[in-house]
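Let me begin by presenting the structure, written as structure tokens, before commenting on it.
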Number of protein chains: 2
Amino acid sequence: MNTLSYVLLCMLARKSCTGYELKQYMELFWQAHHSQIYTVLGKMETEGYVQFEADPDTTKKNLLTNRKRRPSVSKWVLEETAEPISRDEFLAKIYVIALMDKSTVAQLFNDRRRHYKKRATINKPKLEELEILQNDPARKVEWRNSFGRYLIVKRRDELCMQELAWCDWAEDLYHSSFDKI
Amino acid sequence: MNTLSYVLLCMLARKSCTGYELKQYMELFWQAHHSQIYTVLGKMETEGYVQFEADPDTTKKNLLTNRKRRPSVSKWVLEETAEPISRDEFLAKIYVIALMDKSTVAQLFNDRRRHYKKRATINKPKLEELEILQNDPARKVEWRNSFGRYLIVKRRDELCMQELAWCDWAEDLYHSSFDKI
DNA sequence: GCGCACATGTAACCTGTTACATGATTTG
DNA sequence: CAAATCATGTAACAGGTTACATGTGCGC
């Protein structure tokens, strides 16, 4: 049981998912390839942490459910939390911004903006969906069940907006610092 | 020459560093263990990307310099930039916030705040130092040389502030959603 | 019918982590 | 003078990526 296993168990604590869904839900804060996810899910099954249930209706769709190993998650949550890891190639490139020509700089920032705009458009509908839950008194149980997810989606949304604002600020400063008029 | 190698070359483009310094400079956006850094620096030397220069004064201190392999960095900068990777155990735990007891939630947020406050206090003096460069017309060359680094330190500072604000917002919302008065 | 998103899996390989090792210099 | 920080390195192992493989269902 490594960290990824516990991350998967956390996802499953909310609702049963397929491996495919787990990957998508996790992408907000933990990127893993499907090859890795299916491999560790297999190990987790042999160790009794999850159960596979074949879906008979729509063929070939497996549902996974967390079994009565919940206490192991509660225990993990109390253990010391490792610091977040980030690896951002774009920022390594920005490190040498003063050595690049202007067109390269423009391209780098445009790519970055494009990427975060795309992220934002994927995120926005998720956020709105969750905020509908929040404001519907008839769906209190669902809201409670999605509360953690809402906090994370909200954080991700802020992050995207701030990154885009930083791109604009940084590019402006670059021009006002290095353009000799 | 993998991604880490290019990240190291970017750091060295700014100034000569020891392996130890490289680790610290990179930590802003790419965390690597010293064992990995020294290993790849060794490979980079045999392939002629860097040179080791022993420091005769203060014993045992090696300075590394980037050689005339600069064009390879320029080429790398133009290649497609991989998306940033993040792995945040804390957010996985937040996913199951609705299943935790209140004291666990309080502890989680407090640890997170402590961590980001610490980050902020490490970052703040770096930011101030760079802003002094920016405002000193006599140190234009230095400012230009540190411009990329400034952009990154600034981004990191914003990130810390926003994370701390999010913690307060999230914990408030948690209480107003789940405290039955 | 073609391409795309859904859906799952294995194997080889590269990257990153942990543990082991050592020694100098600085600060309380 | 003990503890922390500076400073570098190797080896074994665990984690993560890439490539290979296969098949379904939907919309254009």
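For the numbers below, each heavy atom of this structure counts, side chains included, while hydrogens, waters and symmetry mates do not. Just so it is clear, the structure is predicted and the values come from calculations on it, not from any experiment. Letters A, B, ... mirror the listed sequences (proteins, then strands); counts begin at 1.
Residues from residues 24-37 of chain A that place a heavy atom under 4.0 Å from any atom of DNA chain D, listed by number: A/His33, A/Ser35, A/Gln36.
Summary of the strand contacts: A/Met1 and B/Phe52 both lie near DNA chain D, and taking for each the nucleotide with the nearest heavy atom, the more 5' one is attributed to B/Phe52.
In this structure, B/Tyr25 OH and B/Arg14 CZ are separated by 5.5 Å, a value rounded to the nearest 0.5 Å.
Salt bridge annotation for A/Glu27-A/Lys23: present, with a cationic side-chain nitrogen under 4.0 angstrom from a carboxylate oxygen.
Among the nucleotides C/dA7, D/dT8, C/dG16, the one closest to any side-chain atom of A/Tyr38 is C/dA7. Distances were taken from every side-chain heavy atom of B/Tyr20 (C-beta onward) to each of C/dT8, C/dG16, D/dC6; the shortest belongs to D/dC6.
Applying the side-chain hydrogen bond (donor to acceptor under 3.5 Å, both in side chains) criterion to A/Ser103, with sequence neighbours excluded, gives A/Asp101. Taking the side chain to side chain contact (heavy atoms under 4.5 Å, CB included) definition, one finds that B/Val153 meets it with B/Leu28, B/Asn123, B/Lys126, B/Leu127, B/Leu130, B/Arg149, sequence neighbours left out.
Considering only heavy atoms from C-beta on, A/Trp169 comes within 4.5 Å of B/Leu151 through its side chain. Counting heavy atoms from C-beta on, the side chains of A/Tyr20 and A/Ile37 never come closer than 4.5 Å.
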Could you list the donor-acceptor pairs under 3.5 angstrom formed between side-chain atoms of residues 105-114 of chain A and any protein atom two or more places apart in sequence or on another chain?
{"from": "A/Asn110", "atom 1": "OD1", "to": "A/Arg113", "atom 2": "NH2", "distance (Å)": "3.2"}
{"from": "A/Asn110", "atom 1": "ND2", "to": "A/Ala106", "atom 2": "O", "distance (Å)": "3.2"}
{"from": "A/Asp111", "atom 1": "OD1", "to": "A/Arg114", "atom 2": "NH2", "distance (Å)": "2.6"}
{"from": "A/Arg112", "atom 1": "NE", "to": "A/Glu163", "atom 2": "OE2", "distance (Å)": "2.8"}
{"from": "A/Arg112", "atom 1": "NH1", "to": "A/Asp88", "atom 2": "OD1", "distance (Å)": "3.1"}
{"from": "A/Arg112", "atom 1": "NH1", "to": "A/Asp88", "atom 2": "OD2", "distance (Å)": "3.3"}
{"from": "A/Arg112", "atom 1": "NH2", "to": "A/Asp88", "atom 2": "OD2", "distance (Å)": "2.7"}
{"from": "A/Arg112", "atom 1": "NH2", "to": "A/Glu163", "atom 2": "OE2", "distance (Å)": "3.1"}
{"from": "A/Arg113", "atom 1": "NH1", "to": "A/Asp168", "atom 2": "OD1", "distance (Å)": "2.7"}
{"from": "A/Arg113", "atom 1": "NH1", "to": "A/Glu171", "atom 2": "OE1", "distance (Å)": "3.3"}
{"from": "A/Arg113", "atom 1": "NH2", "to": "A/Glu171", "atom 2": "OE1", "distance (Å)": "2.4"}

Can A/Phe147 and B/Phe178 be said to form a ring pair (Phe, Tyr, Trp, His ring centres under 6.0 Å), step by step?
CA-CA 10 Å; A/Phe147 182 71; B/Phe178 296 120; 4.9 Å; yes
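Between A/Asn2 and D/dA14 there is no side-chain polar atom (N or O) within less than 4.0 angstrom of OP1 or OP2. Of the side-chain N and O atoms in A/Arg87, one or more sit less than 4.0 angstrom from OP1 or OP2 of C/dG16.
Between the two ends of the helix from C/dG1-D/dC28 to C/dG28-D/dC1, each summarised by a five-pair axis, the helix axis turns through 50° (rounded to 10 degrees).
A pairwise comparison of heavy atoms in B/Gln162 and A/Gln162 identifies OE1-OE1, 2.7 Å as the closest pair.
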Pairwise N/O distances under 3.5 Å, protein to nucleotides 26-28 of chain C:
none

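Grouping the Ile, Leu, Val, Met, Phe, Trp and Tyr side chains by contacts below 4.5 angstrom, directly or via other members, places A/Leu99 with B/Val73.
Geometrically, A/Arg155 does not engage A/Phe29 in a cation-pi contact, judged by NZ or CZ lying under 6.0 Å from the ring centre and within 45° of the ring axis.
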